[in-house]
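Before any comments, here is the structure.
All values below come from the heavy atoms of this structure, side chains included, with hydrogens, waters and symmetry mates left out.
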Protein chains: 2
Amino acid sequence: MSGSRKTEENFYNAHFNNDGAYYKIPFSRFFQFGVSVDCVVFGYEDSKLKLLLIKRGAEPYKGDWALPGDLVYPNEDIEVAALRILKDLTGIENLFMEQTMVYGKVDRHPAGRVITNGYYSLIDIAQYNPTAAGWAQELFWVDLKSLQHLAFDHTQIVADALKILQEKVRRQPIGFELLPQKFALSDLQSLYEAFLSETFDKANFRKKILSMKILNELDEVQNNVSHRPGRLYSFNASRYQQLSSKGFSFEL
Amino acid sequence: MSGSRKTEENFYNAHFNNDGAYYKIPFSRFFQFGVSVDCVVFGYEDSKLKLLLIKRGAEPYKGDWALPGDLVYPNEDIEVAALRILKDLTGIENLFMEQTMVYGKVDRHPAGRVITNGYYSLIDIAQYNPTAAGWAQELFWVDLKSLQHLAFDHTQIVADALKILQEKVRRQPIGFELLPQKFALSDLQSLYEAFLSETFDKANFRKKILSMKILNELDEVQNNVSHRPGRLYSFNASRYQQLSSKGFSFEL
DNA sequence: CTATCTTTTAGTAAATTTTACTATATGGTG
DNA sequence: CACCATATAGTAAAATTTACTAAAAGATAG
């Protein structure tokens, strides 16, 4: 922000061209940007990390796969827009979303100068039930491993989001967002292994997680497994907050 | 991004109001945003972390302290703008800058709808020599500990940047950007202590850093110190890259 | 030139954490 | 009931961290 150094006639000294010289530019010429949001929604199913995509039912890139995303209204906060847009296109709401990065290349949108804000979200696929809405033609949960090329610069946006989350998921207990409330430790381990493309020793993973004391041990076990069922746990968010404020830090 | 679902007459179905209903909105009405960049430039001097501020010589907030920042041109990439704006206001160039966050509240700028991109940079104060230029009236290196309230939402932008960097500085060897090429280990330690508001055991800090093998030991020692001078080192960036690609990760 | 001050640098032993692995427990399945 | 698969418990070696001791070296004051 800042800028807006208006002269009395609403002009602005700027060197629009690359000749180094300054020109008087009408203030209004700076206000030509469109702003959009693109949502990178990760889910987890069958031990695989998945990404929520839509098939675009509108130009440009009509018919292509893309992230759910759209233009922000001029009178709308960006975070509000992120939630509104995701709801408009997929129906899902009440989820936690956070910024990743901004993409501001001049030519990244064929219809004009649009800068976009990447947002990510982690959800339990079973708990939400996205369905194509608004101008979204179809909706897919795509395995992240077999991701095709996406519209606009969305492939890059996904790659960046994934990288950011791979870091984040190690230091903050946000992986739980992807699991049902009640889960077995082996589920948690598989989740981390899918997210980080890395394997862990089962016994040691268990020891590490349990030693953090941020899980509630439940009086339930897995069912529908063809072997000894594992005990179920739930994430104790308030306990985590409490420990966190005392200097504890989650570290995968 | 995405959006831009034009109808044949260049209209867009949107619910601008909160009544849930859709209205046909001219496409152009979405392109009213201004975009700006605000630069959070950290420096380090006298064992203190400092921040580069300007006194604004233009409305709004004329006369207030603020981050160097200005509007992005409609035909300019945002990263390019970040470098251009910092150069225009402070004269410094050839530095590495990276995004922090975007600030997109509707009312954050009195002159209209402006969303701003936070960028941070870490520089060696002795190596650059910023001077107020363009519409910047004056320029200050302010001790981060005694930061006053800044124009716009810049106080928040600085707080966020600091938090992001406190994390980053632990996991990436970017702290060196704040030091001269040649530095003693005690300098490095003081730097980290200032950045993280935490103290380290001298001998153990030394062991840890040296064990990483990412420093060149030089044939020079400190001078102008009234005690046994410490050996000087320089950061070996290529060595770090090499180790990094083999799985090594810097961890404070 | 020397005693003293300060900080650098080397080193080490205890404490803690990580890692690798063994063994046992438990439910499902045929 | 035998067998299979995974859960769970436990442990010893290895590696790392932490806390601390002591020697080394230049600056400074007398």
Side-chain angles (χ1 to χ4, degrees), chain A residues 46-48 169-171 173 179-180 182-194 196-235 243 246-252, chain B residues 46-47 169-171 173 176 179-180 182-194 196-235 243 246-252:
Chain A
D46 303 331
S47 299
K48 287 196 281 260
V169 96
R170 286 179 183 278
R171 334 241 180 238
L179 292 176
K182 303 171 180 182
F183 52 86
L185 290 178
S186 58
D187 297 329
L188 189 63
Q189 182 176 344
S190 309
L191 163 62
Y192 275 108
E193 291 181 339
L196 300 171
S197 305
E198 179 184 348
T199 59
F200 299 94
D201 176 272
K202 186 179 329 216
N204 291 336
F205 180 84
R206 164 188 209 76
K207 262 189 296 183
K208 188 169 218 166
I209 296 287
L210 289 181
S211 72
M212 294 180 186
K213 314 266 189 198
I214 56 174
L215 296 188
N216 295 326
E217 184 175 330
L218 304 177
D219 280 334
E220 283 177 74
V221 294
Q222 292 175 303
N223 53 2
N224 299 324
V225 289
S226 67
H227 57 264
R228 173 177 174 182
R231 178 168 297 280
L232 297 185
Y233 294 82
S234 67
F235 174 56
L243 290 173
K246 285 181 186 158
F248 163 78
S249 68
F250 182 90
E251 180 108 32
L252 146 82
Chain B
D46 303 332
S47 298
V169 97
R170 286 178 184 277
R171 333 239 181 241
F176 303 101
L179 291 176
K182 303 171 180 183
F183 53 85
L185 290 178
S186 57
D187 297 328
L188 189 64
Q189 183 177 344
S190 308
L191 163 63
Y192 276 107
E193 292 181 337
L196 300 171
S197 305
E198 179 183 349
T199 59
F200 298 94
D201 176 272
K202 186 179 328 218
N204 292 335
F205 180 84
R206 165 191 209 76
K207 261 189 298 184
K208 187 170 221 165
I209 295 286
L210 290 180
S211 72
M212 293 181 188
K213 315 267 189 196
I214 56 174
L215 296 187
N216 294 326
E217 184 175 330
L218 304 177
D219 281 334
E220 283 177 75
V221 294
Q222 292 175 302
N223 54 2
N224 297 327
V225 289
S226 68
H227 57 263
R228 173 176 176 185
R231 178 167 298 281
L232 298 184
Y233 294 82
S234 67
F235 175 55
L243 291 173
K246 285 180 186 159
F248 163 78
S249 68
F250 182 90
E251 180 107 33
L252 147 84

B:Glu251 side-chain N/O to B:Arg170 backbone N/O, donor-acceptor pair under 3.5 Å | no

Atom pair distance, as rounded to whole Å: CD in A:Gln189 and P in D:dA7 | 8 Å

A:Lys207: what forms a side chain to side chain donor-acceptor pair (under 3.5 Å) with it, not counting sequence neighbours?
-> A:Asn204

May I ask you to list the residues of residues 199-209 of chain B, by number, that have any heavy atom positioned under 4.0 Å from an atom of DNA chain C?
-> B:Lys202, B:Ala203, B:Arg206, B:Lys207

Interatomic distance, A:Glu251 CD vs C:dT18 C1' [rounded to whole Å] = 13 Å

Student check: side-chain heavy atoms of A:Leu243 and A:Phe250 closer than 4.5 Å = no

Does some side-chain heavy atom of A:Leu215 sit less than 4.5 Å from a side-chain heavy atom of A:Phe235?
-> yes

Is the backbone N or O of A:Ala203 less than 3.5 Å from a side-chain atom of A:Asp201, with the two atoms forming a donor-acceptor pair by type?
-> yes

Rounded to the nearest angstrom, tell me the gap between atom CG in A:Leu232 and atom P in D:dA7.
-> 12 Å

Do A:Arg171 side-chain atoms and A:Ser249 backbone N/O form a donor-acceptor pair below 3.5 Å?
-> no

Expected output: side-chain A:Glu220 to main-chain A:Arg231 donor-acceptor under 3.5 Å | no

For the pair made of CE in A:Met212 and P in C:dT17, what is the distance, rounded to whole Å?
-> 12 Å

N/O to N/O distances under 3.5 Å, protein versus nucleotides 24-26 of chain D:
from   : atom 1 : to       : atom 2 : distance (Å)
D:dA24 : N3     : B:Arg228 : NH1    : 2.7
D:dA25 : O4'    : B:Arg228 : NE     : 3.3
D:dA25 : O4'    : B:Arg228 : NH1    : 3.4

Please tell me if the side chains of B:Leu188 and B:Phe205 come closer than 4.5 Å, counting only heavy atoms from C-beta onward.
-> yes

Atom-to-atom span, CG of B:Leu210 to P of C:dT8 - whole angstrom = 13 Å

